[in-house]
Each structure stands twice: as structure tokens, then as C-alpha cells.
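Okay, structure first, notes after.
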Amino acid sequence: MVKQSLKNMSPQKRRMYMRRRLVALAALVVVLALVIAGIVGIVGIVHVVHSSGDSSGAVSSSSQTSSQSNKSKQSKQTSKSDKQSSSDKQASSKTDQKDDQKADDTKQQEQKNTVKNCNASNLQASLAAEPVTVGVGGTVKFKATVTYTGNSQCLIDLSNAKRVLTITSGDEVIWRSNVCPVDSRMLLMSKGASGSDESTDTSEIVWNTNRTSDTCVEDGELPHVDAGTYVAQLSFPDMKKLSSPQVPIIIQ
């Protein structure tokens with residue numbers, strides 16, 4: 001019908017109709033262009049907003065990670081500092097203890113260097129036996145006591161080598177406590193109440209009623225003495241004038 005209408009139109013009306021169609025088409029093209037431009041603009045804005053959010057999240061995450069890393073480093077540094085401080089204190093404490101020990105050793109050594117040796121004039125010796133009567137092959141226990149009677153201090157070696165117990169029968173030496181070698185036992189004797197650790201020393205010496213030889217032999221290998229009366233006494237090789245009273249021992 002459009003074609004028939006165009007044929008029935010005059011040339012002037014036909015041209016006006018075509019112009020209107022062209023204008024309408026151009027307007028449609030413009031509208032479509034505007035719609036497309038609007039859609040593209042909206043998509044661009046959404047993309048920009050999304051990118052901005054991701055960037056902000058990344059920055060925030062990076063900031064948090066950096067903060068945590070810094071805190072971790074500070075914590076490690078603080079821990080190392082505390083450990084170092086504790087180690088320094090322990091080392092200082094050990095050094096102080098060593099210094100104190102050295103000072104004590106030095107003081108004791110100086111004291112020994114200035115203290116004189118004991119002598120027979122400021123010492124007393126005594127000897128007691130239990131039992132005083134024993135069968136052949138029996139055992140007698142002696143208590144050897146040395147008492148300091150001076151007014152200051154003195155040093156003395158009271159080992160079995162310097163405080164000697166001797167068992168005799170007549171003029172014959174039967175047994176001696178100093179046949180075998182022993183370590184020295186240096187003591188500082190000082191003025192004090194009778195019986196105190198500083199003024200008196202008491203040691204036990206055991207005699208298994210056997211006979212010593214001129215050399216050191218195991219006690220179990222020594223021969224036992226015969227029945228008879230024997231005499232025990234303390235003597236001090238370095239102090240000839242000091243000795244204990246004699247104690248008789250009867251072996252049956």
C-alpha cells in the first residue's frame with residue numbers, strides 16, 4: 001500500500017515524504033548513538049569503582065601485613081634483648097661467685113701464711129681404747145684426741161703419718177699407723193671452749209691385733225699377734241716432747 005500511495009503522490013509530496021523519512025532515520029541513529037554512549041559510560045564508571053575498591057583493599061592488606069611484620073620483628077628483637085639480658089645477668093652472677101671464691105681462697109692462704117705451726121707447749125694428747133681386753137685376732141678401737149691450749153691460732157698436720165699410734169711389747173714395735181702413706185690433714189687450731197671443733201680434734205684408729213712390717217701391706221695379710229700384754233701410745237715425729245699417756249692392751 002505504501003508503494004501505491006507513493007505512486008499516487010505528486011512529485012512535490014513524494015520529495016517531502018522522503019525528507020521526513022530521512023530525518024526520522026537520522027533521529028533514530030542519534031538516539032541509538034546516545035544510548036550506546038550511555039551504556040559505555042556506565043560500564044566505564046563501574047569498572048573504575050571496582051578497580052578503586054581492589055586497589056584500596058590491596059593497600060589496606062599490604063598495610064596490615066607490614067604492620068604485623070613490624071610487630072613480629074619488634075617482638076623478636078625484644079625477645080633477643082631479654083635473653084641477652086638474662087644471659088648477661090647469669091654470667092655476671094657466675095663471675096661474682098668465682099670472685100668471691102677466689103677472695104676466700106686468697107684470705108685462707110694469707111691466713112695460713114701468717115699462722116705459725118703448733119708446738120708441744122700449746123698442745124695436749126690423749127688416747128683411749130675400747131676394749132682394753134680382747135681375744136687373739138680381735139679388734140681394738142682407739143680414740144686419739146689432740147687439744148689446743150694456746151691463746152691464738154696454730155697449724156698442725158693430724159694425719160696418721162704425723163699423729164702416730166704405736167703398739168709395743170717391751171722394746172719391740174708391733175704395729176704403727178704410719179707404715180702406709182696417707183694424705184696430710186692440716187688443721188687450724190684456735191682458742192675456744194674445751195671440746196669445741198676448733199680447739200680439739202678426735203680421730204678413730206683401728207688395730208686388728210696384727211703385726212706390721214717395714215713396708216705397706218694390706219691389713220688382711222698381716223699376721224695376728226700372740227696373747228700377751230701390749231702398750232699403745234700416741235707420738236708426734238715433728239714434736240718429740242709431745243705424746244699421750246700409755247694405754248695397756250691385754251690379748252687373751
Side-chain angles (χ1 to χ4, degrees), residues 1-115 153 155 157-159 181-190 192-193 196-199 201 203-204 218:
M1 289 186 64
V2 174
K3 290 181 179 181
Q4 290 177 359
S5 297
L6 289 175
K7 288 180 179 181
N8 295 327
M9 289 182 181
S10 63
Q12 185 177 1
K13 289 182 178 182
R14 190 181 302 168
R15 286 195 295 271
M16 290 179 65
Y17 176 79
M18 292 302 295
R19 287 177 182 174
R20 289 176 182 175
R21 294 292 299 271
L22 290 174
V23 170
L25 180 61
L28 180 62
V29 171
V30 170
V31 170
L32 289 175
L34 290 174
V35 171
I36 293 172
I39 293 172
V40 171
I42 292 171
V43 172
I45 291 172
V46 171
H47 179 72
V48 169
V49 171
H50 181 71
S51 298
S52 177
D54 292 343
S55 176
S56 176
V59 171
S60 176
S61 177
S62 175
S63 177
Q64 291 178 355
T65 302
S66 177
S67 177
Q68 292 177 354
S69 177
N70 290 334
K71 289 182 179 179
S72 177
K73 289 181 179 179
Q74 290 177 354
S75 177
K76 290 181 179 180
Q77 290 176 351
T78 301
S79 177
K80 288 182 179 179
S81 178
D82 292 341
K83 289 181 180 179
Q84 183 64 36
S85 177
S86 176
S87 178
D88 292 342
K89 288 181 180 179
Q90 291 178 355
S92 177
S93 177
K94 289 182 180 179
T95 301
D96 291 341
Q97 290 177 356
K98 289 182 179 180
D99 291 341
D100 291 341
Q101 184 63 41
K102 287 181 180 179
D104 291 340
D105 293 343
T106 301
K107 185 177 180 180
Q108 291 178 1
Q109 187 61 41
E110 290 176 352
Q111 189 177 40
K112 288 181 179 180
N113 292 337
T114 57
V115 176
Q153 295 177 329
L155 286 170
D157 182 0
L158 289 181
S159 65
V182 293
D183 294 332
S184 63
R185 191 167 72 94
M186 297 298 299
L187 297 179
L188 178 65
M189 309 294 283
S190 63
S196 68
D197 292 339
E198 293 181 346
S199 64
D201 176 76
S203 302
E204 183 178 84
E218 289 290 335

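These figures come from a predicted structure and were not determined experimentally.
Residue Glu204 places its CD atom among more than 12 non-hydrogen atoms of other residues, nucleotides or ligands, all under 6.0 Å distant.
The line from CG of Leu155 to OG1 of Thr114 is 8.5 Å long, rounded to the nearest 0.5 Å. Note that CG of Leu187 is 5.0 Å distant from CG of Asp201, once rounded to the nearest 0.5 Å.
A 4.5 Å side-chain heavy-atom check between Val115 and Leu188 finds at least one atom pair inside the cut-off.
Using modelled atom types, no side-chain atom of Arg185 and backbone atom of Asp157 make a donor-acceptor pair closer than 3.5 Å.
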